[in-house]
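Every chain is numbered from 1, with letters handed out A, B, ... down the list of sequences.
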Number of protein chains: 2
Amino acid sequence: MKITLKTIADEAGLSVTTVSRALAGYDDVNEATRQRVMEIAERLGYQPNLTARHLRSKQTSTIGMVIPRTAYFADSFFMELLAGVGRQASAHGYDLLLSVQPPGDEELAAYRRMVAGSRVDGIVLARVLRHDPRIAYLQQANHPFVSFGRSETSDYPYIDVDGARGMRRLVQHLAENGHRRIAIILSPWELAFTTTRYEGYLEGLDAIGVQPDEAYVAEGDLTQQGGRDAAARMLALPEPPTAIIACNDLMAFGVMEAVEQRGLRVGHAVAVAGFDDVPAAAHAIPPLTTLRQPIYAIGCQMVDMLVRLLRGETLEHAHVLIEPELMVRASSGPQPAQA
Amino acid sequence: MKITLKTIADEAGLSVTTVSRALAGYDDVNEATRQRVMEIAERLGYQPNLTARHLRSKQTSTIGMVIPRTAYFADSFFMELLAGVGRQASAHGYDLLLSVQPPGDEELAAYRRMVAGSRVDGIVLARVLRHDPRIAYLQQANHPFVSFGRSETSDYPYIDVDGARGMRRLVQHLAENGHRRIAIILSPWELAFTTTRYEGYLEGLDAIGVQPDEAYVAEGDLTQQGGRDAAARMLALPEPPTAIIACNDLMAFGVMEAVEQRGLRVGHAVAVAGFDDVPAAAHAIPPLTTLRQPIYAIGCQMVDMLVRLLRGETLEHAHVLIEPELMVRASSGPQPAQA
DNA sequence: ACCATAATCCAAATCGTTTTGGAAGTCAAG
DNA sequence: CTTGACTTCCAAAACGATTTGGATTATGGT
């Protein structure tokens, strides 16, 4: 049988109100009766019905997160983010409500269920699109959220990796290794970070005095296959690039395949670089030069920001930019002329 | 302003009851009025308050999972399990409630909050202990659950990897490569699977006609450091083992370190094998021979079982044993005499 | 005209908690 | 003896849905 406040109230000869207030620690209940109530609650193993509490108090101590059911990103991205979010949510006394959904309408519906269904106090989201319906919805519903990634169109709390700065740094590194014909394989344009990374690439070229060449710009689908195909096309050009940047590590692995299939050596004839620093990057052969995103730490920090919002505090820094760390490894090789 | 059933009822000139039943598809409401109700609900963007619904109906369409906040296991274990559980929960229309907790009392408290607090319909748990208080609690509370791992003491639905069979297979493989002095570094005894794996190891030795030697049995803490220390001690014996099995891959990596620190070559002088087949195992140098646990698939299957329980169906197979696949790689090398 | 049946609708109870707005009793000061 | 303050308790109203047990009206058969 369920132990409710009423059970305790009957046992103690008190009203439900008093029992509730005794357990909640209000000071309008006699210390002796509070002790008695607590003792009975303990003895009966009372556990409050959280659903009822949430309904009444309109707070759930729960943070929501919707994870796309897709192989679009390598799983590791969301898993690592989730680890950070979960870890920090726990530290603040929050649970996590997860909904794994196919992207599109069902994904948005999951957000609506969470928000309008009063299941969560706040939401963490990632993989921001340039025109993101989820963000539009959350803003219109005026529900607290923090996102990993930004879009230029509107203002909300976010953490993002400074993709432009990372790309400038990477182009500079490649130039220092003697490269001038530097290609890039972009992520799909609908993703918000594509723009900033592309801009960084262009600024990087400008800084080293190289004219951008649109033959050296391709759009990939973030898969290894996509990276390989795009790289294969570029390497077949009359003047192929000597360095290829991919917008994520998975595509970079594909680029490495394409380079080797052409009988060239990665890190010698052709430099290859990625973005993310997934665990496999350091173990690739040769190890992959890449821009590291501290995803776990970002997950933690997002929760910190969100919890502050939920407490009604104002964020001094609602827009956090993190510089990706350039991990120089063998794939970006030394001089291209050496090969 | 919140849109509730009452909002719609007022708008339509109906009672809350009728609106509720119209939306729920009962056949005691006129088709014309149902259309009208649905149209109004659509127009106002009605979203049912799930908290209220759960309170009344005592169903949450949510599966609970508590993840220990510890570095005890490599993160990848729970993350991969979570990916499988999330994926399959989604397929059945369930959400996931996650609570990340430090192991011990707080962990158990999280289970109690979920169960007695009526937040979840069922629970998935992993990392079963020999005398597991969580299982004792769930059984006593008579709450549906499925576990990854079994303990001999009591009966409940589980999926487990057949550790004994895997170990027998592994010992046989090492024997075929000429090894007789085969050591094992066990996981802590409180973990339920330690016993079965140890038994499998003993049976394996018996099958190849080797007397077990307790100098070749150590207990590790599942960390790389722990594996290294235990292996270092064994390798310092007058008659050191020529093959070392670790109860997880992380410890096996530590064993490999210890072997090399002694100036021996893994896969030549000393064979090393692990358990799990984490992603890093295939990329280790040399690649690690190990027993593969299909964790993602197990996560999916646990949810399938749980959902069947929640539907009130009886499980034809409440105890599922999965044979771990032996991944033979270079670390278990050829003949030890070759070295 | 009368009754049984079916088709629609709804008031009220329920889920288990928190919160509001007092009520009852005690005590000391005036 | 009255008054006000203080302490301790509680009935009832939320919260927003679902469900129970009719009530009302229309329909059709006799």
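Regarding A:D10, its CG atom lies at a distance of 16 Å from the C1' atom of D:dC9, rounded to whole Å. With rounding to whole Å, A:L23 atom CG is found 13 Å from C:dG16 atom C1'. Per the geometry, CZ belonging to B:R119 stands 17 Å off C1' belonging to C:dC15, to the nearest Å. Between the CG atom of B:L5 and the C1' atom of D:dC15 there is a distance of 13 Å, given to the nearest Å.
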Atom pairs, protein N/O to nucleotides 6-10 of chain C N/O, distance under 3.5 Å:
from, atom 1, to, atom 2, distance (Å)
C:dC9, OP2, B:N30, N, 3.0
C:dC9, OP2, B:T33, OG1, 3.0
C:dC9, N4, B:D28, OD2, 3.2
C:dC10, OP2, B:S15, N, 2.9
C:dC10, OP2, B:S15, OG, 3.4
C:dC10, OP2, B:T18, OG1, 2.8

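One side chain, B:D155 or B:H319, offers a donor N or O that lies under 3.5 Å from an acceptor on the other.
For C:dT18, neither phosphate oxygen OP1 nor OP2 lies less than 4.0 angstrom from any side-chain nitrogen or oxygen of A:Y26.
Side-chain atoms of A:R34 come within 3.5 Å of backbone atoms of A:A22 as a donor-acceptor pair (strictly under, hydrogens ignored). The main-chain N or O of B:T62 is never found under 3.5 Å from a side-chain atom of B:D95 such that the two would form a donor-acceptor pair. No donor-acceptor distance shorter than 3.5 angstrom exists from the side chain of A:R130 to the backbone of A:E190, with no hydrogens or angles considered. When atom types are taken as modelled, the side chain of A:S20 and the backbone of A:V16 share no donor-acceptor pair closer than 3.5 angstrom. Judged by distance alone, with hydrogens and angles left aside, the side-chain atoms of A:R36 form a donor-acceptor pair with the main-chain N or O of A:A12 at under 3.5 Å. Of the possible polar contacts, none joining the A:S147 side chain to the A:L125 backbone as a donor-acceptor pair under 3.5 Å is found.
The pair A:K6-A:D10 meets the salt-bridge criterion, since a charged nitrogen lies less than 4.0 angstrom from a carboxylate oxygen.
Within residues 49-59 of chain A, the residues approaching DNA chain D are A:L55, A:R56, A:K58, by heavy-atom distance under 4.0 Å.
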